[in-house]
Amino acid sequence: MISELTAYCLSCPKPRCETGCPCGNHIRDYIKALKDGDLSKAAGILYSVNPLPELTSRLCDCDRQCQGHCVRGLRGDPVEIQQIERYISDNSKRPGVYPPLKEKKVAVIGAGPAALSLVYELRLHGYGATVYEKEDKIGGAVYTGIPDYRFDKKYLDAIFEEWKTFGTDFRFNTEIGKDVSLQQLCEEYDVVALANGAPVENTAGFEESERIIGGLTLLHRLNVEKDSTLPGKRAYVWGGGNVAMDCARSLIRLIDDVTVLYRRSLKEMPANAREIEEAQAEGVKFAYLHNINSVAEKEDKLLLAVCEMELGETGSDGRASVKEVENSLGEVETDMLIMAIGQKTDLSIAGIDGYPEEHRINEKLFVCGDAFTGPKTVVKAVRDGKDTAAQVLQSLEGGTADESH
Ligand code: SF4
Ligand code: SF4
């Protein structure tokens with residue numbers, strides 16, 4: 001019962017939970033409004049900060065974020081903030097009041113969470129947007145990368161319909177630099193925002209093949225192309241983040257022998273703890289403190305040269321350093337290797353190498369979301385879309401940007 005969940009919240013004068021929410025949700029206040037029986041007020045508080053709770057209330061790593069900071073969690077279970085947020089999202093409408101459209105036009109490249117958040121925020125200020133997306137649907141990495149068992153894509157379909165209703169023009173299957181040039185867009189629009197994510201996979205120098213597959217490539221095949229053809233029944237998934245977990249959990253639904261190989265220990269794994277637990281429960285094996293030195297393709301299998309690793313000093317980023325254990329090299333045989341060891345942005349179409357320091361590149365061009373921050377979480381992308389919107393509005397209107405959240 002939702003009333004039991006909200007009653008458990010102490011309405012703290014200094015809500016610790018909010019320090020753990022990357023988009024700055026006013027958690028205490030929306031829970032208080034619900035406690036008072038005012039769902040519409042709760043929705044107003046939620047949506048004024050977070051335009052996409054359908055996504056965050058299902059995809060956030062709440063154990064590390066909001067709930068991980070809740071004071072109740074110091075002596076027991078934290079308040080179930082994510083469930084409360086989902087309740088508000090599922091039982092209320094986005095209270096968007098959309099003013100008449102102004103003349104200036106904005107093009108957004110990409111249709112992921114950052115782009116959707118940016119478009120929504122601009123529309124609240126009277127600016128419409130045309131969204132150019134190379135896939136056939138919205139959602140970015142949520143659409144291409146997150147398996148259906150973890151997130152029901154009906155929520156993306158509903159967002160798409162709503163964004164169309166308030167005037168967003170979507171151009172799917174359109175790749176910038178191929179179907180239309182960035183220069184064309186810059187000539188046609190008053191502002192162009194690049195929100196094309198972080199799609200370039202780290203392959204550690206290994207050449208992709210039928211058996212050596214990038215994690216994002218595998219997930220795209222399974223989720224978008226609906227192609228579950230695999231080159232065998234044994235897989236190693238290399239990496240410890242959420243892409244690695246999505247790959248491993250998707251594969252264990254198709255084959256019996258899946259091992260995640262991660263160079264640090266469980267404690268350092270960046271993936272959501274719940275995802276790791278689910279993967280373990282589903283039969284995925286874990287080889288912690290191991291790394292791959294080389295890969296050889298031999299006839300119809302792969303031979304991985306695997307070494308043991310040991311943890312060293314903790315660095316300034318709070319993570320333990322790691323080094324190879326001497327004389328620990330061994331060989332394992334498998335049918336496929338899935339590489340989920342990181343990804344980065346590609347802003348070469350804008351002549352940018354690496355990550356820009358500011359959202360604003362020039363008078364017209366902005367960079368937003370993972371393309372700006374590097375690969376982060378859905379909630380951080382939503383927040384970055386809002387942050388970018390404040391700067392885009394400044395450019396469209398002149399004067400001081402509204403930085404309030
Ligand atoms: S947006 Fe995510 S981190 Fe923030 S309160 Fe909601 S579930 Fe928690
Ligand atoms: S820290 Fe926990 S108990 Fe306090 S306001 Fe936030 S959710 Fe409620």
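Note that ligands are numbered from 1 as they come in the structure, with each ligand's atoms numbered from 1 the same way. Basis for what follows: all heavy atoms, side chains included, without hydrogens, waters or symmetry-related copies.
Remark: among candidates E85, R86, R58, the nearest residue to atom 6 (Fe) of ligand 1 is E85, based on non-hydrogen atoms.
The N25 neighbourhood of ligand 1 comprises atoms 1 (S), 4 (Fe), 5 (S), 6 (Fe), with distances under 4.0 Å to a heavy atom of that residue. Every atom of ligand 1 with a heavy atom of C21 under 4.0 Å away is listed here by number and element: 1 (S), 3 (S), 4 (Fe), 5 (S). Distances below 4.0 Å separate heavy atoms of Q65 from the following atoms of ligand 1: 3 (S). Residue C60 approaches ligand 1 through these ligand atoms, each under 4.0 Å from one of its heavy atoms: 1 (S), 2 (Fe), 3 (S), 7 (S).
The residue C62 has no part lying near ligand 1, judged by heavy-atom distances below 4.0 Å. At a heavy-atom distance under 4.0 Å, only side-chain atoms of V379, from C-beta outward, approach ligand 1.
Salt bridge absent: R123 and E162 never bring a charged side-chain N and a carboxylate O closer than 4.0 Å. The existence of a salt bridge linking R274 and E277 is excluded, since no basic side-chain nitrogen approaches an acidic carboxylate oxygen closer than 4.0 Å. Ion pairing between a basic and an acidic side chain is recognised when a charged N comes within 4.0 Å of a carboxylate O; K105 and D190 show no such pairing. Salt bridge annotation for E397-K104: absent, with no cationic side-chain nitrogen under 4.0 angstrom from a carboxylate oxygen.
In this structure, Y355 has no ring pair (Phe, Tyr, Trp, His ring centres under 6.0 Å) partners at least two apart in sequence or on a different chain. Among residues two or more places apart in sequence or in another chain, the ring pair (Phe, Tyr, Trp, His ring centres under 6.0 Å) test is passed with Y98 by F166.
Taking the six-membered ring for Trp and thresholds of 30 and 60 degrees, F170 and F172 have nearly parallel ring planes, at less than 30 degrees apart.
Residue pairs that meet the salt bridge (charged side-chain N to carboxylate O under 4.0 Å, His left out) test with at least one member in residues 235-259, sequence neighbours left out, are R150-D246, R249-E275, R249-E278, R249-E282, R253-E282, D257-K285.
For atom 4 (Fe) of ligand 2, protein N/O/S neighbours under 2.8 Å (waters excluded) are C12 SG.
The shortest contact between atom 8 (Fe) of ligand 1 and any protein heavy atom is with C66 SG, 2.3 Å.
Within a 6.0 Å radius of CD in E187, more than 12 heavy atoms belonging to other residues, nucleotides or ligands are found.
The line from NZ of K178 to CD1 of I349 is 13.0 Å long, rounded to the nearest 0.5 Å.
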